[in-house]
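Here is the structure we will look at.
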Amino acid sequence: MNYFSHIAARIAFHVRKRLYLFLQALPSPERGNKLLIVRLDAIGDYILFRNCIHQIHQSDRFKNFEITLLGNQLWRDLAEGVDKDVVDKFLWIDPKIIYNQSDFTLQKLLLFARLKFSGFQVTLHPVHSRMMEVDRFLAELKTGWLIGSMGDEINYPAGEKAAADKLYNELIPVQGYSTFEFSRNVDFLSGITGIPHPGLQLKMAVQSTPTEESAIVIAPGAGHERRKWQAANFGTVIRTISKTYPQAFFYICGTATDKGAAHIIKQNTADCNVIDMTGELSLLGFAQLMKRSRLVLSNESSAIHLAAALDIPAVCLSNGNMFGRFNPYPVSMGKNIITIYSDEAFYDSGLFKSNVEKTRVFSSSPISQIHPDQVAEHCIGLLRKTVQSV
């Protein structure tokens with residue numbers, strides 16, 4: 001960037017910043033019965049929360065409110081496909097627009113203006129591990145009553161959570177970080193509606209065409225490299241399953257970034273019925289394929305939460321990342337979800353609390369320690385429960 005371009009960029013930045021401060025200072029319009037729900041986190045987080053939206057929609061407190069969902073564009077087609085009956089308006093963004101608080105981009109200005117002048121009476125931010133950048137953005141909107149989860153401190157610099165808490169009009173106390181995330185979301189729901197919801201279930205209704213073939217979904221992706229099992233190991237498991245169920249079809253699913261893993265799996269399963277679907281399915285399409293499948297084999301990722309919501313048997317491969325919060329699945333929510341860990345210590349109930357504590361941010365246990373024979377055994381065991389003949 002030359003000198004003049006640099007000066008022009010600095011001037012543009014200061015103009016956008018002044019415009020942002022100007023918008024912030026403007027009075028908000030008259031507020032109607034409008035509710036803004038903010039969920040900017042990942043696919044799995046939304047799957048574990050979305051059933052609460054249905055209860056919010058029916059609650060005495062919000063039953064007459066128009067609901068707008070501000071969400072992460074990653075799960076747009078899924079939410080619009082399964083939740084359009086309870087959400088009146090969807091607003092989709094790349095969360096990075098907000099995460100960089102000092103970057104006053106045109107996208108951020110337009111989003112700020114749109115939200116500020118929409119007349120929301122209440123804003124819900126139910127995310128447990130909140131971020132200061134989002135807290136400040138929502139508080140600066142001054143759109144009405146701001147409600148958040150009491151949450152934890154893992155995404156805040158030391159000492160900042162107390163200051164962030166003061167930005168909210170109401171904070172809902174929830175169970176500690178050793179509680180499974182869906183149960184924590186139910187706590188939040190009970191806090192804002194004033195009614196306990198002990199019977200709320202994790203479920204999702206997806207329309208899908210039945211199939212006679214035994215489809216098995218393979219999901220080799222994950223949010224971080226340390227949570228990805230070796231692609232060649234998936235191939236080994238597929239070959240073992242195929243010996244027992246030679247007519248089974250294996251669908252490798254994921255984003256385009258999982259193409260490399262899919263290629264390795266295909267190389268190792270030349271004599272099996274393996275179809276590479278990576279990068280080809282929308283999230284809703286993935287859910288529809290999973291709905292007509294007999295089994296899901298996946299790293300600890302959104303695929304496991306989707307399988308649980310659709311009541312599809314699944315084997316989850318985990319290095320214990322955020323143990324207790326996102327894994328293992330409670331039997332009441334996923335009776336056919338089996339989690340296989342990289343460290344035997346995760347199976348020891350006496351070490352539950354210490355395992356939770358040491359994996360709150362991430363687990364350093366190498367997922368490579370999971371043996372393919374163990375995985376194949378559990379997969380075949382679940383298939384025997386669901387497949388009469390293949």
Side-chain angles (χ1 to χ4, degrees), residues 16-17 20-21 23-26 28 31 35-42 44-46 48-49 52-53 56 61 68-72 91 93-105 107-109 111-116 118 120-179 181-193 223 322 324-326 356-357 359-362:
R16 293 195 303 268
K17 182 177 180 179
Y20 184 86
L21 295 174
L23 289 172
Q24 185 180 332
L26 287 176
S28 298
R31 301 185 181 98
L35 170 66
L36 175 67
I37 300 177
V38 180
R39 292 258 21 163
L40 300 177
D41 35 13
D45 298 287
Y46 178 69
L48 292 169
F49 175 75
C52 294
I53 300 179
I56 292 170
R61 185 175 184 180
T68 297
L69 175 63
L70 175 63
N72 188 328
L91 183 56
I93 65 167
D94 180 344
K96 293 177 183 176
I97 294 172
I98 297 177
Y99 289 166
N100 190 346
Q101 183 70 14
S102 62
D103 188 8
F104 301 99
T105 62
Q107 287 178 307
K108 185 174 182 177
L109 286 171
L111 174 64
F112 189 89
R114 181 172 182 177
L115 294 176
K116 184 175 180 68
S118 290
F120 295 114
Q121 185 179 135
V122 179
T123 298
L124 294 183
H125 185 216
V127 175
H128 183 70
S129 297
R130 304 184 336 247
M131 299 175 67
M132 178 62 87
E133 292 84 357
V134 181
D135 293 340
R136 283 177 178 156
F137 181 84
L138 297 178
E140 288 167 356
L141 286 170
K142 300 177 181 177
T143 53
W145 196 254
L146 180 57
I147 305 175
S149 169
M150 183 67 74
D152 61 25
E153 77 292 344
I154 64 173
N155 284 335
Y156 292 101
E160 282 198 8
K161 185 178 184 298
D165 288 349
K166 294 178 182 179
L167 299 174
Y168 286 80
N169 301 104
E170 184 178 349
L171 285 173
I172 305 300
V174 293
Q175 298 179 61
Y177 50 81
S178 62
T179 303
E181 191 76 354
F182 181 80
S183 298
R184 186 179 291 109
N185 288 330
V186 174
D187 273 359
F188 183 86
L189 170 67
S190 300
I192 61 172
T193 61
M322 291 190 173
R325 180 172 179 179
F326 293 103
V356 168
E357 185 62 40
T359 64
R360 286 186 66 194
V361 180
F362 69 90

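Side chains are part of it too, since the values below use all heavy atoms of this structure and drop only hydrogens, waters and symmetry mates.
- Within 6.0 Å of atom CZ in Arg31, more than 12 heavy atoms from other residues, nucleotides or ligands are found, so the atom counts as buried in its surroundings.
- Note that CD1 of Ile53 and CG of Leu189 are 10.5 Å apart. Values are rounded to the nearest 0.5 Å.
- Contact annotation: the side chain of Leu115 never approaches that of Thr123 to less than 4.5 Å [non-hydrogen atoms, C-beta and beyond].
- Here the side chains of Ile172 and Ser149 are not in contact, with every heavy-atom distance at 4.5 Å or above.
- Between Pro126 and Phe188, the shortest heavy-atom contact is CB-CE2, 3.5 Å.
- Interatomic distance, Arg114 CZ to Leu141 CG, rounded to the nearest 0.5 Å: 13.0 Å.
- Ala164 meets the side-chain contact (heavy atoms from CB on, under 4.5 Å) test with Arg130, Met132, Asp135, Tyr156; sequence neighbours excluded.
- The main-chain N or O of Leu69 is never found under 3.5 Å from a side-chain atom of Arg39 such that the two would form a donor-acceptor pair.
- Here the closest non-hydrogen pair linking Leu70 and Ile93 is CD1-CG2, 4.1 Å.
- Contact check for Asn185 versus Leu48: side-chain heavy atoms found under the 4.5 Å cut-off.
- The line from OG1 of Thr193 to CD1 of Ile56 is 8.0 Å long, rounded to the nearest 0.5 Å.
- Taking the ring centre of Phe104 as origin, the terminal cationic atom of Lys108 falls inside the region bounded by 6.0 Å and 45° from the ring axis.
- Atom CZ of residue Phe49 and atom CG of residue Leu124 lie 7.0 Å apart, to the nearest 0.5 angstrom.
- From Asp187, atom CG reaches atom CE of Met150 across 12.5 Å, with rounding to the nearest 0.5 Å.
- For the atom pair CZ (Arg360) and OG (Ser129), the distance works out to 8.0 Å, reported to the nearest 0.5 Å.
- Between Val122 and Ile192 there is no side-chain heavy-atom pair separated by less than 4.5 Å.
- Closest approach of Val186 and Cys52 over heavy atoms only: N-SG, 4.3 Å.
- Take Met322 and apply the side-chain contact (heavy atoms from CB on, under 4.5 Å) test, not counting sequence neighbours, and it matches Ile154, Arg325, Phe326.
- Here the side chain of Ser118 pairs no donor or acceptor atom with the backbone of Phe120 at under 3.5 angstrom.
- The aromatic rings of His125 and Tyr168 lie parallel to each other, their planes meeting at an angle below 30°, with 60° marking the opposite boundary.
- Partners of Thr179 according to the side-chain contact (heavy atoms from CB on, under 4.5 Å) rule, which considers only residues two or more places apart in sequence or in another chain, are Gln175, Ser183, Arg184.
- A salt bridge links Arg61 and Glu170; the closest N-O separation between the charged side-chain nitrogens and carboxylate oxygens is under 4.0 Å.
- Contact of the Ile98 side chain with the Leu111 side chain is registered, since non-hydrogen atoms from C-beta on lie closer than 4.5 Å.
- No more than 12 heavy-atom neighbours from other residues, nucleotides or ligands sit within 6.0 angstrom of CD on Gln107.
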